[in-house]
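Structure first, commentary second.
One-based numbering, in listed order, for ligands and for the atoms of each. This one's a predicted model, so the numbers in the text were calculated from it and none came from an experiment.
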Amino acid sequence: MFSPSIYLLSLPSVLGLALADQACPRIPGIQVYATTPNEGPSEGRFTSCENGFDSPKVLAGNASSYDWWYFDAIGTDGVSSLAVAYFVEANKSGFTVTENFTNRDFVQISGTFPNGTSFSDFLFADNNAIVSAMGDGSSGLWNGTGASWAGSPDLSEYLITLDAGHLGYKGTFSMHSVAPPHYPCSPKRANETMEVLLGVGWANSIPDADVTVQMTIHGSTLSFIGTGYHDKNWGVIPFTDAVGAWYWGHARMGPYSLVWLDSLTPSADEHASGYVAYQGQILHAECNKMKVRPTGSNVHFPPQGNDSLPEGFTIEVDLGGELGLLKAELASNLATLAKPGYGRWIGTVNGTVGGLDYEGVAGYEMFNFF
Ligand SMILES: *[C@@H]1O[C@H](CO)[C@@H](O)[C@H](O)[C@H]1NC(C)=O
Ligand SMILES: *[C@@H]1O[C@H](CO)[C@@H](O)[C@H](O)[C@H]1NC(C)=O
Ligand SMILES: *[C@@H]1O[C@H](CO)[C@@H](O)[C@H](O)[C@H]1NC(C)=O
Ligand SMILES: *[C@@H]1O[C@H](CO)[C@@H](O)[C@H](O)[C@H]1NC(C)=O
Ligand SMILES: *[C@@H]1O[C@H](CO)[C@@H](O)[C@H](O)[C@H]1NC(C)=O
Ligand SMILES: *[C@@H]1O[C@H](CO)[C@@H](O)[C@H](O)[C@H]1NC(C)=O
Ligand SMILES: *[C@@H]1O[C@H](CO)[C@@H](O)[C@H](O)[C@H]1NC(C)=O
Ligand SMILES: *[C@@H]1O[C@H](CO)[C@@H](O)[C@H](O)[C@H]1NC(C)=O
């Protein structure tokens with residue numbers, strides 16, 4: 001067990017150490033983000049260090065930079081869900097964030113009740129947001145929203161707390177990791193690229209987790225157990241300058257944990273990151289081997305501007321050895337968000353590995369800026 005307040009309030013001891021490794025200069029253990037962006041250039045980190053996996057990756061964030069921490073949970077019923085994302089992201093980052101945008105420190109909460117009814121809200125921080133890093137973990141507090149998270153230094157346990165009854169959200173969401181972390185092209189280790197494609201950082205601290213959600217949301221109870229996921233993304237140039245399209249998601253399929261982020265640059269160069277773990281052991285954490293493709297009518301690969309939203313996706317990756325080709329299909333139970341060029345779904349996965357059939361639940365997303 002761990003106490004959230006300890007990680008949030010204790011100063012990381014590493015602050016006192018000399019900046020011995022010039023190749024990996026430390027980002028200060030605590031970042032305080034004002035609600036307005038800095039002027040001028042900001043600095044993004046895109047090569048991994050020994051630790052600091054889930055730490056802030058952008059210094060002096062400006063109007064086009066973004067740094068966010070994302071958490072989700074999907075119920076075993078394949079419908080109940082909760083996603084909480086903590087953003088430091090101003091309005092030139094390339095996302096059309098919200099019509100009610102007031103400042104760059106905000107929390108987006110969305111999800112679905114077991115009957116399929118969805119909810120979504122933005123909570124904007126007062127004055128500042130704070131993230132502290134310890135070991136590989138992080139903790140954060142978006143001032144005035146009542147929304148925070150606390151992570152253990154070894155990335156094994158995270159607790160998300162929403163103490164915002166006045167805004168309609170009260171409760172907790174805890175995650176226990178069941179799959180080791182990875183970067184876009186490798187397991188967690190130093191001196192690896194953290195760019196999923198040029199200009200976009202990605203660090204997937206919890207590819208798969210057992211989760212418990214106990215929330216009261218606008219007066220209704222949302223309580224479930226299921227699977228969860230945590231990652232972060234960041235960049236210093238607008239997301240839409242770097243990305244033409246992307247298919248992202250995660251699934252638990254039998255004993256396998258799957259994560260994919262198959263992306264295209266605006267000129268349609270494909271960069272795919274794939275991850276497969278079996279009972280907590282990484283089988284595959286590499287670039288450009290896994291293939292994710294949309295299915296349905298009037299969809300294309302590469303996507304086109306007037307494509308329909310996909311009905312599902314197919315996933316293929318060669319695991320080599322005795323297992324050989326892993327094939328999986330995603331089918332949606334419901335779209336939690338669907339608008340031109342953007343889709344987000346909760347659904348099922350089924351597939352084969354080593355000649356055996358498996359199934360499970362999945363959460364996935366698509367951007368199409370073409
Ligand atoms: C923010 O900083 C990055 C990196 O220096 C730079 O490329 C970008 O143009 C800056 N954005 C703004 C709005 O100044
Ligand atoms: C971004 O937000 C700032 C401050 O709220 C505002 O002055 C500016 O007009 C906004 N810019 C855009 C492109 O929306
Ligand atoms: C923006 O605020 C208005 C008024 O409070 C509200 O009706 C609307 O749903 C909000 N839009 C979003 C995207 O949150
Ligand atoms: C939140 O902002 C208020 C007003 O600036 C400040 O007094 C308070 O210390 C902040 N809380 C944290 C945890 O920083
Ligand atoms: C880091 O990786 C780069 C390129 O992959 C390599 O040239 C360099 O020697 C590595 N540095 C260390 C300290 O391992
Ligand atoms: C679905 O469940 C929510 C939460 O319990 C409730 O507020 C809503 O009215 C329900 N919707 C339907 C269509 O039954
Ligand atoms: C979609 O757009 C492409 C080019 O942008 C065009 O060639 C094609 O005919 C369009 N398809 C439909 C169904 O409108
Ligand atoms: C998924 O299930 C469908 C329906 O049973 C089946 O047709 C399909 O072959 C399965 N896909 C994979 C990859 O096993």
Side-chain angles (χ1 to χ4, degrees), residues 4-11 29-36 75 77-82 86 88 102-107 109-121 123-132 139-150 161 163-164 168-171 213-224 249 251 253-254 256 258 260 276 290-296 311-319 323-334 336 346-362 364:
S5 57
I6 290 175
Y7 294 119
L8 199 59
L9 298 177
S10 61
L11 278 168
I30 293 186
Q31 289 282 304
V32 178
Y33 300 104
T35 50
T36 51
D77 63 358
V79 178
S80 303
S81 71
L82 178 67
Y86 296 79
V88 180
T102 60
N103 77 60
R104 69 174 184 143
D105 299 336
F106 60 93
V107 185
I109 307 173
S110 59
T112 34
F113 290 109
N115 64 7
T117 299
S118 62
F119 53 85
S120 171
D121 280 289
L123 314 183
F124 288 89
D126 299 327
N127 306 302
N128 57 47
I130 301 175
V131 176
S132 74
S139 298
L141 176 66
W142 264 231
N143 196 347
T145 63
S148 63
W149 82 85
T161 302
D163 186 8
Y169 292 89
K170 195 157 176 63
V213 170
Q214 284 175 305
M215 290 278 165
T216 302
I217 295 172
H218 296 305
S220 299
T221 298
L222 179 65
S223 177
F224 62 87
M253 189 174 89
Y256 294 92
L258 272 61
W260 56 96
V276 181
M290 191 181 266
K291 244 189 206 171
V292 182
R293 295 292 180 263
T295 58
E311 280 161 24
F313 290 88
T314 59
I315 298 175
E316 277 189 24
V317 60
D318 191 350
L319 298 174
L323 292 174
L325 198 61
L326 177 158
K327 282 184 161 193
E329 278 179 41
L330 302 169
S332 102
N333 287 341
L334 76 160
T336 54
I346 304 288
T348 55
V349 61
N350 74 296
T352 57
V353 191
L356 296 175
D357 294 334
Y358 300 98
E359 53 188 27
V361 298
Y364 47 103

request  = Check each of Val361, Val349, Thr348 against Met253 using the side-chain contact (heavy atoms from CB on, under 4.5 Å) test, and report the only one that passes.
outcome  = Val349
task = Please could you name the atoms of ligand 4 that Ile130 approaches to less than 4.0 Å, counting only its heavy atoms?
result = 14 (O)
message = Does ligand 8 come near enough to Glu329 that some N or O of the ligand is less than 3.5 Å from an N or O of the residue?
response = yes
remark   = Per-atom filter on ligand 4: closer than 4.0 angstrom to a heavy atom of Asn127 are 2 (O), 3 (C), 4 (C), 5 (O)
ask   = Which residue holds the protein heavy atom closest to atom 13 (C) of ligand 6, what is that atom called, and what is the gap in Å?
value = Thr117 OG1, 4.1 Å
request  = Would you indicate whether the side-chain heavy atoms of Met290 and Val276 approach each other to under 4.5 Å?
outcome  = yes
ask   = Which of parallel (below 30°), tilted (30 to 60°) and perpendicular (above 60°) describes Tyr33 and Trp142?
value = tilted
task = Can you confirm whether something in the protein, heavy atoms only, sits under 4.0 Å from atom 11 (N) of ligand 4?
result = yes
Nearest-contact summary for atom 7 (O) of ligand 6 - protein heavy atom, Å = Ser220 OG, 3.6 Å
query = Which atoms of ligand 8 are found less than 4.0 Å from any heavy atom of Thr352?
reply = 14 (O)
query = Asn143 heavy atoms, cut-off 4.0 Å: which ligand 4 atoms fall inside?
reply = 1 (C), 2 (O), 3 (C), 8 (C), 10 (C), 11 (N), 12 (C), 14 (O)
query = Hey, does Pro114 have a side-chain heavy atom less than 4.5 Å from the side chain of Leu222?
reply = yes
ask   = Identify the closest protein heavy atom to atom 14 (O) of ligand 6: which residue and atom is it, and at what distance?
value = Asn115 ND2, 3.3 Å
task = Starting from atom 5 (O) of ligand 8, find the nearest protein heavy-atom neighbour and note its residue, name and distance.
result = Asn350 ND2, 4.7 Å
query = Do any nitrogen or oxygen atoms of Lys327 come within less than 3.5 Å of a nitrogen or oxygen of ligand 8?
reply = no
inquiry  = Within the 3.5 Å criterion, strictly below it, is a donor on Asn115 or Thr117 matched to an acceptor on the partner's side chain?
reply    = yes
request  = Measure up the Tyr169 and His218 rings against each other and bin them: parallel (under 30°), tilted (30 to 60°), perpendicular (over 60°).
outcome  = perpendicular
inquiry  = Could you tell me, atom by atom, which parts of ligand 4 come under 4.0 Å of a heavy atom of Leu141?
reply    = 13 (C)
note = Of all heavy-atom pairs linking Gly78 and Asn333, the shortest is O-ND2, 2.9 Å
query = Relative to each other, are the rings of Phe313 and Tyr364 parallel, tilted or perpendicular (30° and 60° limits)?
reply = perpendicular
ask   = Protein heavy atoms: any of them under 4.0 Å from atom 2 (O) of ligand 4?
value = yes
request  = Could you tell me whether the side chains of Ser139 and Ser132 share a donor-acceptor contact shorter than 3.5 Å?
outcome  = no
